[in-house]
Amino acid sequence: YPRNPKAMHLFTIAWAEGNPLTFPHHQILQLGPGQTRGFLRQVTAAVQTGFLDFQHRELPLFPDQLTDFDFLVNIDLSYNKIDRIPPAITNMVQLRSCVISGNTVDRLPPRLSTLTSLELLDIRDNQLVGLPDSIGLLHAELKKLLLGRNRISSLPNTLGLLSNLVHLHLNWNQLKSLPEEIGRCTSLEELQLSYNQLRLIPQTFSNLTNLKFAALQNNLLELLPTCLGNMQNLHKLAFDNNMWLMPQQEVLQWSDEHN
């Protein structure tokens, strides 16, 4: 992996063992000697591997200093106490996988356009209330967008720019509607929308011809789009616990063929 020459001289054995005067953020030091040493070891190892793994460690923040390490390819900071993603994360231009699930983050940085190598963005189990319009600028490589168990009430139209997206998880949010542009996410194979407040599925759903699994259960749906009966690749559709007015012939036909 490429390395940052300016950062390399910091990663000495002495520093990795936890010299408190060389790490700039006092909140890291509050983790205690053992945790601090563990964090510094992981950062040191990340210089060699490009992968920073610090999950389930009570980390109180996403350190701003990490965003200077533009050689990082994968980061996993899941299940800590992080409430903010620094805007400078956009400096991490080689990042392919970013996992920050199980924290208390309530928003993403507004500008994400430089993260063009990102393939996986996992922010499940946080407190997100929405997505920035710039989410659509991740269309080049983004394959998995995992946003379940947040507080998202609406989606930007730019979501439809994610033409290479294969897995989209939005279950356990507060969605009341979907943008028509979701029909432009034509690479989607898995769509998780259960446990929201959806009353309608847009007819552009029919454009998702690669869709194999759709979870729509536990919403407020009254009708399903008739196009579902013509989606040949759709092998599993979960739609129980809604507010159906009446079963639709096209959907019943689909159920007969797939059950």
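These numbers come from a predicted model, not from an experiment.
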Side chain of Thr204, backbone of Glu180: donor and acceptor closer than 3.5 Å? yes
Ring-plane angle category for His169 and His167, please: parallel below 30°, perpendicular beyond 60°, tilted otherwise. perpendicular
How close do Thr90 and Leu115 get, heavy atom to heavy atom, and via which atoms? CA-CD2, 4.0 Å
Sorted by chain and number, sequence neighbours left out, ring-ring contact (aromatic ring centres under 6.0 Å, His included) with Tyr79 holds for His56
Taking the side chain from Ser187 and the backbone from Ser163, do they hold a donor-acceptor pair closer than 3.5 Å? yes
Any donor-acceptor pair under 3.5 Å from Asn126 side chain to Ile100 backbone: yes
Looking only at heavy atoms, which two atoms of Leu77 and Asn103 are closest? And how far apart? O-ND2, 3.1 Å
Give me the one residue out of Leu175, Asn242, Ile201, Leu200 that meets side chain to side chain contact (heavy atoms under 4.5 Å, CB included) with Asn219. Asn242
Sidechain-backbone polar pair: Thr67 side chain, Asn91 backbone, donor-acceptor under 3.5 Å: no
Test side-chain hydrogen bond (donor to acceptor under 3.5 Å, both in side chains) applied to Asp53 - qualifying residues, sequence neighbours left out: Gln55
What pair of heavy atoms forms the shortest contact from Met92 to Phe62, and how long is it? SD-CZ, 4.4 Å
Using atom types as modelled and distance alone, determine if a side-chain donor or acceptor of Ser78 lies under 3.5 Å from a backbone N or O of Val99. no
CD (Glu190) and NZ (Lys212) are apart, to the nearest 0.5 Å, by 11.0 Å
Donor-acceptor contact present, side-chain Asn150 to main-chain Val129, <3.5 Å: no
For Arg84, is the CZ atom crowded, meaning more than 12 foreign heavy atoms sit under 6.0 Å from it? yes
In the structure I gave you, are the side-chain heavy atoms of Leu145 and Leu162 within less than 4.5 Å of one another anywhere? yes
Are any side-chain N or O atoms of Asn164 and backbone N or O atoms of Glu141, one a donor and one an acceptor, separated by less than 3.5 Å? no
Quick check: does any side chain N or O of Asn80 sit under 3.5 Å from a backbone N or O of Phe54, one acting as donor and the other as acceptor? yes
Would you say Ile82 and Leu59 make side-chain contact, with heavy atoms under 4.5 Å? yes
Roughly how far, to the nearest 0.5 Å, is the CG atom of Leu118 from the SG atom of Cys98? 6.5 Å
Go through it in stages, so that I can follow the logic: the residues are Phe51 and Asp76, the test is side chain to side chain contact (heavy atoms under 4.5 Å, CB included), and I'd like the CA-CA distance, side-chain angles, deciding distance and then a yes or no. CA-CA 8 Å; Phe51 178 29; Asp76 188 342; 4.2 Å; yes
State, to 0.1 Å, how close Leu137 and Ser113 come at their nearest heavy-atom pair, and which atoms those are. CD1-CB, 3.4 Å
Treating Ser101 as the side-chain partner and Asp125 as the backbone partner, does any N or O pair qualify as donor plus acceptor under 3.5 Å? no
Quick one: does Asn196's side chain have a donor or acceptor within less than 3.5 Å of a partner on Asn173's backbone? yes
Residues that Tyr195 engages under ring-ring contact (aromatic ring centres under 6.0 Å, His included), provided they are two or more places apart: Trp172
If we only count heavy atoms from C-beta on, is the Pro202 to Ile182 side-chain gap below 4.5 Å? yes
Can you tell me which residue among Leu198, Leu159, Leu191 is in a side chain to side chain contact (heavy atoms under 4.5 Å, CB included) with Leu178? Leu198
Per the side chain to side chain contact (heavy atoms under 4.5 Å, CB included) rule, which among Leu161, Leu121, Leu155 passes with Ile135? Leu121
Does the side chain of Leu216 come within less than 4.5 Å of Leu221's, by heavy atoms? yes
Is Leu208 linked to Leu147 within one hydrophobic cluster, defined over Ile, Leu, Val, Met, Phe, Trp and Tyr using a side-chain heavy-atom separation of less than 4.5 Å? yes
Are any of the side-chain nitrogens in Glu119 or Lys144 under 4.0 Å away from the carboxylate oxygens of its partner? no
Could you walk me through whether Leu168 and Leu188 pass the side chain to side chain contact (heavy atoms under 4.5 Å, CB included) test, one step at a time? CA-CA 7 Å; Leu168 176 58; Leu188 272 181; 3.8 Å; yes
Are the side chains of Arg96 and Leu120 in contact, using a 4.5 Å heavy-atom criterion? no
Please find the pair of heavy atoms, one from Ser134 and one from Pro109, that lie closest to each other, and give the distance. OG-O, 4.3 Å
